[in-house]
Amino acid sequence: LSGLVGSEMCIRDSEGVMDKLFRIFVFCFLGIGFFNQMFYGFCFSSRCLGYAFPKVLLLSVIVSAVIYVVTKNDSKAQ
């Protein structure tokens with residue numbers, strides 16, 4: 001039980017890191033997804049979105065991590 005309390009404390013941090021990461025990821029996922037579908041003739045059918053999902057998810061995770069690291073270093077310098 002004490003392990004659960006410790007992991008909950010890591011997730012609920014005072015700086016709102018998880019909230020910031022989630023907002024960055026959602027913004028990247030939607031932006032990259034829309035940009036990706038532009039190149040496929042604006043196909044937003046379930047078939048097209050299903051094929052695009054893995055690629056968009058991977059790119060969103062990478063871009064979100066880069067944005068978070070860059071903005072984290074920026075905020076510490078100020």
Side-chain angles (χ1 to χ4, degrees):
L1 186 64
S2 64
L4 289 175
V5 174
S7 64
E8 287 176 5
M9 289 174 61
C10 290
I11 292 173
R12 294 181 191 161
D13 57 335
S14 61
E15 298 173 5
V17 173
M18 292 299 286
D19 184 46
K20 183 177 179 181
L21 275 170
F22 182 72
R23 282 188 275 127
I24 291 172
F25 174 76
V26 168
F27 178 75
C28 287
F29 185 79
L30 294 175
I32 291 171
F34 183 78
F35 192 70
N36 181 65
Q37 293 312 103
M38 281 179 18
F39 290 108
Y40 292 101
F42 288 100
C43 178
F44 289 101
S45 70
S46 61
R47 180 178 53 98
C48 295
L49 293 176
Y51 290 139
F53 184 78
K55 177 174 57 172
V56 170
L57 183 66
L58 181 64
L59 286 171
S60 298
V61 167
I62 294 169
V63 170
S64 298
V66 169
I67 290 173
Y68 178 73
V69 168
V70 168
T71 59
K72 186 172 100 174
N73 291 339
D74 259 358
S75 63
K76 284 187 179 181
Q78 292 176 354

Determine all donor-acceptor pairs shorter than 3.5 Å in which one atom belongs to a side chain in residues 52-66; sequence neighbours excluded.
residue: Lys55; atom: NZ; partner: Asn36; partner atom: OD1; Å: 3.0
residue: Lys55; atom: NZ; partner: Tyr40; partner atom: OH; Å: 3.3
residue: Ser60; atom: OG; partner: Val56; partner atom: O; Å: 2.7
residue: Ser64; atom: OG; partner: Ser60; partner atom: O; Å: 2.6

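- Every residue was checked against the side chain to side chain contact (heavy atoms under 4.5 Å, CB included) condition with Ser46, not counting sequence neighbours, and none meets it.
- Grouping the Ile, Leu, Val, Met, Phe, Trp and Tyr side chains by contacts below 4.5 angstrom, directly or via other members, places Leu49 apart from Ile32.
- With sequence neighbours excluded, no residue satisfies ring pair (Phe, Tyr, Trp, His ring centres under 6.0 Å) with Phe27.
- Put simply, OG1 on Thr71 and OH on Tyr68 are 7.0 Å apart, with the number rounded to the nearest 0.5 Å.
- Tyr51 meets the side chain to side chain donor-acceptor pair (under 3.5 Å) test with no other residue; sequence neighbours excluded.
- For Phe39, the side chain to side chain contact (heavy atoms under 4.5 Å, CB included) partners are Phe35, not counting sequence neighbours.
- Rounding to the nearest 0.5 angstrom, the gap separating the CZ atom in Phe34 from the CZ atom in Phe42 is 4.5 Å.
- Partners of Phe22 according to the side chain to side chain contact (heavy atoms under 4.5 Å, CB included) rule, which considers only residues two or more places apart in sequence or in another chain, are Val26.
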